[in-house]
Peer 1: 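Quick one: the structure is below, and I'll ask about it shortly.
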Amino acid sequence: MDQNQTVQGGRDGRQTDPREKEFNQRLRAAVAGDEYETWFAPSKLRFDKNEAVFTVPNHFFENWIKDRYQPLVDQALSAAAGGSIPVRFEVDSSSGGIGFEEGYRPAQSPPLRRASFNPRYRFSTFVVGHCNELAHAACRAVAENPGLQYNPLFIFGGAGLGKTHLLNAAGNHIQDNHPELTVHYSTTEDFTNELIKAVRFEGIHTFKERYRKLDCLLLDDIQFLAGRERTQEELFHTFNTLFESGKQIIVTSDKMPREIPALEKRLRTRFEWGLLADLQPPESETKVAILQKKASEKGLSLSKKVSFFLASQPESNVRVLEGYLTRLAAVSHFKGEELTIDLVRRILGPMVGDNHISVEDVLRIVAASFGVKVSDLKGARKTREVSQPRQVAMYLCRRLTTSSFPEIGRLMGGKDHSTVVKGVKKIKAQLLKDPELAARVQTVEKTLRERGGELEPGWVDG
Ligand code: ADP
Ligand code: MG
């Protein structure tokens, strides 16, 4: 029985689907080293018509992955496939159903000294803005002088805002500058898995030894401690041992300590001893800077206009924004076309949602600002008092919503798309000649943008 050959693919000489590679890369980035080796290396994903099929060695893997990693799998999958796609699990019968319960032995825990940090996640690749400057500065300070300041450092923030990036950046920095220190990065899942393995196979003592000898412990996503009593207990003792000997601890979570359900009080208070630093969703300038940095990393040329357009989307999860870029890079490369806003709209279509600013929103605000009725804008009357605001509305719909010309026409009282095209063109020309109109349109645009608050710093991801 050759489990690896079966599950790693290539046995049937099938060409690897680029989406599979993308999926594996994303999953690898999302799931930390040891854990990935344990649960995903022996599994294999393939795309099949309208679904993805995940082949796993046995049902134990299936359940374990579904229980713990389903959201990550879904995320990696929809990023790779460019949209959500159902996944079906399939047990690989040729593996003989060998598994955990029957004596399958997951990959040995790596020695903790091994560099296990993601090499792409460095301070130099992290874009700093108002949204993340405290967390960034605190991580840097701690990485310069581990154990001296801010201990523990507790970083919290929503999904895709850079927690794992910062944690790895700190790890990379410490490892580069203090090679004598033993630094270990672990997700809470890793930590739990290792604990389970230790209890089953090697004895808890080895586990304790390994963790309590560290100089720096970087523990990611501790919200997953919720309800895991045994893990909390072990972490509590590890924490105390490390803390008392002045060793650095950095943890991340998507919630503040007191918001993590079923977190023992004694652990919570320990997390609160140090510095709590938050990561907020990036404001539009930071989003633009992040997009441009990521685009250049991908060798994708992204005009200012397109970066602003993408940054104006309500999406603030940087991982999702990166997913957009991956898709744009693939399609524009394939088509050999320059990336314009139109092309971006076509490529991302349903992903750049119009829940941001809708045609109705534009009509309402334009009507109020020009002192006409929404029904006038939708109507056909050709007097100047209504035709100019109507064209302004068309122009702003095109600029601020993701609707196409035909759709705008339809939503504006069933107009032909060529009418909308002409209206937009006319206003564009007038804006160049008429500063008063330009100022007015700018005010309306500002109102519309601010109304949703999407471009204001500090808004919360819905
Ligand atoms: P989290 O752990 O908070 O869910 P990650 O650290 O995994 O988020 O970040 C998701 C992706 O977004 C990563 O590829 C990361 O490099 C990127 N990212 C997030 N914030 C920034 C930033 N400020 N600058 C550069 N990249 C960022
Ligand atoms: Mg993370």
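All values below were derived from every heavy atom in this structure, side-chain atoms included, with hydrogens, water molecules and symmetry-related copies excluded. Read the numbers this way: they start at 1 and go in the same order the structure lists the ligands and their atoms.
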Peer 1: With a cut-off of 2.8 Å, does Thr187 place any N/O/S atom under that distance from the Mg ion (ligand 2)?
Peer 2: no
Peer 1: Tell me whether ligand 1 is touched by Gly160 - counting only heavy atoms on the residue side and a distance under 4.0 Å.
Peer 2: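 Contact check Gly160 vs ligand 1: positive.
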Peer 1: Is the distance between the ring centroids of Phe47 and Phe23 less than 6.0 Å?
Peer 2: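 No; Phe23 has its ring centre 6.0 Å or more from that of Phe47.
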Peer 1: Show the nearest heavy-atom pair for residues Val53 and Glu51, with the distance to one decimal.
Peer 2: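 That closest heavy-atom pairing would be CG2-OE2, 3.9 Å.
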Peer 1: Closest non-hydrogen protein atom to atom 21 (C) of ligand 1, residue and atom name please, with distance?
Peer 2: Phe126 CE1, 3.7 Å
Peer 1: Would Arg270 pass as a cation-pi partner of Phe243, given that its NZ or CZ must be under 6.0 Å from the six-membered ring centre and within 45 degrees of the axis?
Peer 2: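 Negative - Arg270 is either too far from the ring of Phe243 or too far off its axis.
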Peer 1: Suppose we measure from atom 23 (N) of ligand 1 to each protein heavy atom; which comes out shortest, and what is that distance?
Peer 2: Val127 O, 2.8 Å
Peer 1: Would you say the ring centers of Phe191 and Phe207 fall short of 6.0 Å from each other?
Peer 2: yes
Peer 1: Considering heavy atoms of the protein only, find what lies nearest to atom 15 (C) of ligand 1 and give residue, atom and distance to 0.1 Å.
Peer 2: His165 ND1, 3.4 Å
Peer 1: Counting heavy atoms only, which of Leu291, Asp254, Val318 is nearest atom 27 (C) of ligand 1?
Peer 2: Val318
Peer 1: If every non-hydrogen atom of Pro119 is compared with every non-hydrogen atom of Asn172, which pair is closest and at what distance?
Peer 2: CA-ND2, 4.2 Å
Peer 1: What protein heavy atom sits nearest atom 11 (C) of ligand 1, and how far off is it?
Peer 2: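 Answer for atom 11 (C) of ligand 1: Glu322 OE1, 3.2 Å.
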Peer 1: Which atoms of ligand 1 are found less than 4.0 Å from any heavy atom of Gly158?
Peer 2: 3 (O)
Peer 1: State, with a plain yes or no, whether a side-chain heavy atom of Asp221 is found less than 4.5 Å away from one of Thr252.
Peer 2: yes
Peer 1: Hey, are the side chains of Asn151 and Ile249 touching, using non-hydrogen atoms and a 4.5 Å cut-off?
Peer 2: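 A side-chain contact exists here, since the closest heavy-atom pair is under 4.5 Å.
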Peer 1: Give me the one residue out of Gln25, Arg26, Lys294 that meets side-chain hydrogen bond (donor to acceptor under 3.5 Å, both in side chains) with Thr326.
Peer 2: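 Answer after filtering Gln25, Arg26, Lys294: Arg26.
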Peer 1: Distance to 0.1 Å, residue and atom name: give those for the protein heavy atom nearest to atom 25 (C) of ligand 1.
Peer 2: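 It is Thr125 O, 3.3 Å.
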Peer 1: Counting heavy atoms only, which part of Leu161 comes closer than 4.0 Å to ligand 1: side chain, backbone, both or neither?
Peer 2: backbone
Peer 1: For Asn132, counting its heavy atoms only, list the atoms of ligand 1 lying under 4.0 Å from any of them.
Peer 2: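 Answer for ligand 1: 23 (N).
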Peer 1: Grab the two heavy atoms, one from Ile260 and one from Ser253, that are nearest each other, plus how far apart they are.
Peer 2: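 Shortest heavy-atom contact: CD1-OG, 3.6 Å.
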Peer 1: Regarding atom 5 (P) of ligand 1: of the candidates Arg319, Lys287, Arg120, which has the closest heavy atom?
Peer 2: Arg319
Peer 1: Need the ligand 1 atom indices (1-based, order shown) with element for anything under 4.0 Å from a heavy-atom of Ala159.
Peer 2: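 This gives 4 (O) as the contact atoms.
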Peer 1: For atom 8 (O) of ligand 1, what is the closest protein heavy atom, and at what distance to 0.1 Å?
Peer 2: Gly162 N, 3.2 Å
